[in-house]
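This structure is a prediction, so every number in the text was calculated from the model and none was measured. First the proteins, then the strands, lettered A, B, ... as listed; each starts at 1.
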Protein chains: 2
Amino acid sequence: MATITDVSKKAGVSRSTVSRLIAGNGYVSDEARKAVEAAIQELGYRPNTMARGLRSNRSDIIGGVVVNVSSPFYAQMIGGMQETARSAGKSIIVASGYADRDEEAHAIIELLDRACDGLILYLENALRDDVLEIVARSKTPVVTVGGNECPPARARVTIDNATGAEAGMRLLLEAGHRHIAYLSGGTIYRDTYERLSGIDAALAGFGLSRDDIYVEHGSFSETFGQQATARLLIERPQTTAIFAGDDDVAAGALLALKGAGKRVPEEISLLGFDDNFHARHLTPGLTTVRQPVDEAGRVATRLLLSILDGEPVATPIITIPTELIMRQSVGPVRSLSPTSRTVAPALTAS
Amino acid sequence: MATITDVSKKAGVSRSTVSRLIAGNGYVSDEARKAVEAAIQELGYRPNTMARGLRSNRSDIIGGVVVNVSSPFYAQMIGGMQETARSAGKSIIVASGYADRDEEAHAIIELLDRACDGLILYLENALRDDVLEIVARSKTPVVTVGGNECPPARARVTIDNATGAEAGMRLLLEAGHRHIAYLSGGTIYRDTYERLSGIDAALAGFGLSRDDIYVEHGSFSETFGQQATARLLIERPQTTAIFAGDDDVAAGALLALKGAGKRVPEEISLLGFDDNFHARHLTPGLTTVRQPVDEAGRVATRLLLSILDGEPVATPIITIPTELIMRQSVGPVRSLSPTSRTVAPALTAS
DNA sequence: GATCGATATGGGATCGATCTCACAGGGAGA
DNA sequence: TCTCCCTGTGAGATCGATCCCATATCGATC
């Protein structure tokens with residue numbers, strides 16, 4: 001591979017001049033510029049990233065940690081990150097934290113070793129103390145997405161769980177539902193509490209409180225949705241609507257409902273959260289609160305890029321709005337004859 | 001950050017000794033080893049990746065190009081790659097090629113600029129000539145996955161499309177179907193032809209040929225599946241089974257079938273290909289040919305790692321077997337009374 | 001006792017860029 | 001004319017590791 005010295009020799013200038021031209025700083029005469037550009041072209045010269053990085057202490061690599069790169073949810077976020085990073089000439093290395101504190105620690109340290117210019121973290125646990133110190137010492141700027149708060153972060157991107165959950169709950173209440181079950185996710189997540197506060201707000205708007213609905217905590221998984229719903233059908237048969245903590249929980253709930261021969265939404269309404277990849281493929285299509293996770297990835301990356309450019313971060317917390325996606329799984333309550341056959345509810349499909 | 005010189009000073013040895021210890025080659029006395037290890041511990045020393053890379057011309061980064069990192073299909077593959085690479089102490093940078101020749105070229109060049117030790121490519125187009133030359137000149141080993149052949153590749157991992165398609169078609173034939181439509185993907189993919197050859201083989205086993213079924217070429221998309229199926233229902237109402245080019249096509253087909261009030265599998269059977277993320281979430285669960293794409297990612301990475309270790313590549317082409325996943329969308333043909341209500345077919349659910 | 005190989009260590013060149021500093025020429029203003 | 005600033009260029013130090021080579025010690029073998 002050609003080096004900068006080869007280029008400088010061919011162009012009859014010094015390495016410094018070539019370097020200045022490439023970096024776009026300092027003075028370069030038109031004559032020199034042309035000669036160097038021709039030499040670069042002819043030799044097919046590409047600067048050595050390592051040498052540059054060693055000297056300038058920049059790698060042009062952004063590190064990302066998500067729960068699991070294989071999951072469609074995070075894949076979307078990574079897509080958003082990559083798109084944005086690419087337009088700034090940076091690449092992305094992602095690692096999985098597998099929702100495990102030590103795995104997350106390992107992933108972060110690995111990324112720091114790679115001299116990432118900055119980190120975007122979607123963690124499920126608080127940072128281990130030793131890692132916290134290492135991150136701080138490295139002075140690598142950090143932006144977090146979703147999840148819980150994380151001390152070293154210079155900025156945080158969250159999705160507006162509260163308003164999303166509020167809109168979802170209001171949808172159910174406006175459809176006349178009063179026997180509502182909320183199958184929440186795990187209690188270790190900030191998301192969970194934010195959503196609950198939104199639910200409270202919606203309930204309050206109808207003169208109700210959380211005591212007027214049934215709330216069960218579990219995990220963000222299909223299994224939980226299925227098991228909790230199966231239990232629910234036996235213990236609380238009066239339930240007319242289920243609000244699932246996320247679409248996985250909703251998918252599980254739907255399996256249980258179908259298994260019990262319940263028609264959705266005629267007999268029971270089902271509302272999800274996330275707008276996962278498969279939400280629109282469920283039957284009936286799942287009405288859900290969309291979390292624009294790709295947008296979160298883009299925003300987080302943009303934030304990090306501007307921090308790297310030395311721009312002051314105006315708003316250290318950016319909240320991304322959710323969106324209610326209307327499909328077919330929520331319908332009006334049938335209070336008098338809950339098992340009677342009804343026409344499909346008049347909600348817009350998407 | 002502490003450097004190797006700091007460590008050597010603290011331990012009272014030379015940098016060379018520290019370097020030898022870390023690299024694990026050359027001789028280091030027990031005494032020196034202990035002193036150095038203590039110093040490393042105390043200073044929290046971590047070798048500078050850039051400096052190491054510059055000198056040794058290794059980055060410990062593997063570059064990957066897939067069609068689209070956001071897609072669940074490729075996310076799975078990336079997960080497999082990452083898992084394997086991690087255990088060898090390497091990281092992965094992935095870029096999207098968006099099935100566009102120039103985008104793919106751009107992605108590859110970007111990865112080469114990052115001095116990736118090797119590349120894993122899942123491309124949809126032949127490499128641009130100039131890129132081919134650059135890759136060759138860089139001597140970076142390349143492993144390709146799926147898709148078409150790619151000249152610079154030292155090894156290739158393919159998924160056994162032919163056998164998979166053969167097994168799928170045989171399933172339909174054994175269930176008694178004779179009016180079969182195959183909604184194929186795009187004609188630019190090698191996959192397409194491999195699957196067709198498998199289909200031919202299955203047909204031959206029943207004394208039939210491709211002329212005895214209906215084949216339509218389109219693209220690997222839900223839209224194609226939906227439109228082609230809608231057309232099919234009008235123009236070839238005798239069809240009793242649809243074999244979709246992939247699960248997206250199948251999802252589209254299912255939408256069209258439901259839209260037309262057709263019951264699956266009672267009135268018409270539907271078979272997919274891939275075992276996409278949402279295959280099991282469709283209703284009915286989609287019987288499909290599983291492409292173990294995560295395994296392909298793992299195998300490709302393992303191959304690349306052994307090439308990087310200088311091991312001779314015994315088998316330059318590795319074929320990964322597919323697997324028939326039995327769910328509920330394929331049933332026996334109802335030749336006499338195609339619209340009569342039937343019980344669910346006796347196939348194993350998964 | 002000389003030779004040889006294995007063990008152990010350090011010195012210094014090197015990878016390919018960036019970046020600071022010194023310096024030169026030329027035009028403007030005092 | 002002298003000074004000062006702007007433009008333009010190159011020499012050389014530097015980043016933090018690796019790696020080749022020289023050297024030293026020690027025990028075994030002839």
For dT23(D), which nucleotide is its Watson-Crick or G-U wobble mate, given both distances must be under 3.5 Å? dA8(C)
Does [X] have a side-chain nitrogen or oxygen under 4.0 Å from the phosphate oxygens OP1 or OP2 of [N]?
X	N	value
Tyr27(A)	dG8(D)	no
Ser19(A)	dT18(C)	yes
Ser14(B)	dG10(C)	yes
Thr3(A)	dC15(C)	no
Arg52(B)	dT18(D)	yes
Ser16(A)	dT9(D)	no

Rounded distance in Å - [atom1] ([X]) to [atom2] ([N]):
X	N	atom1	atom2	value
Glu31(A)	dT7(D)	CD	P	18 Å
Arg58(A)	dC15(D)	CZ	P	18 Å
Met50(A)	dG16(C)	CE	P	11 Å

Determine whether a donor-acceptor pair (one donor, one acceptor, N or O, separation below 3.5 Å) exists between the side chain of Arg55(B) and the base of dG16(C). no
Examine the side chains of Arg114(B) and Ser91(A) and answer whether a donor and an acceptor come within less than 3.5 Å of each other. yes
Of Leu54(B) and Ser29(B), the one whose nearest nucleotide on DNA chain C sits closer to the 5' end is Ser29(B)
Nucleotide nearest Tyr45(A) (side chain, heavy atoms from C-beta), chosen from dT9(C), dA17(C), dT18(D): dA17(C)
Look at all strands and tell whether Ala23(A) reaches a base, only sugar-phosphate, or nothing, counting heavy atoms closer than 4.0 Å. nothing
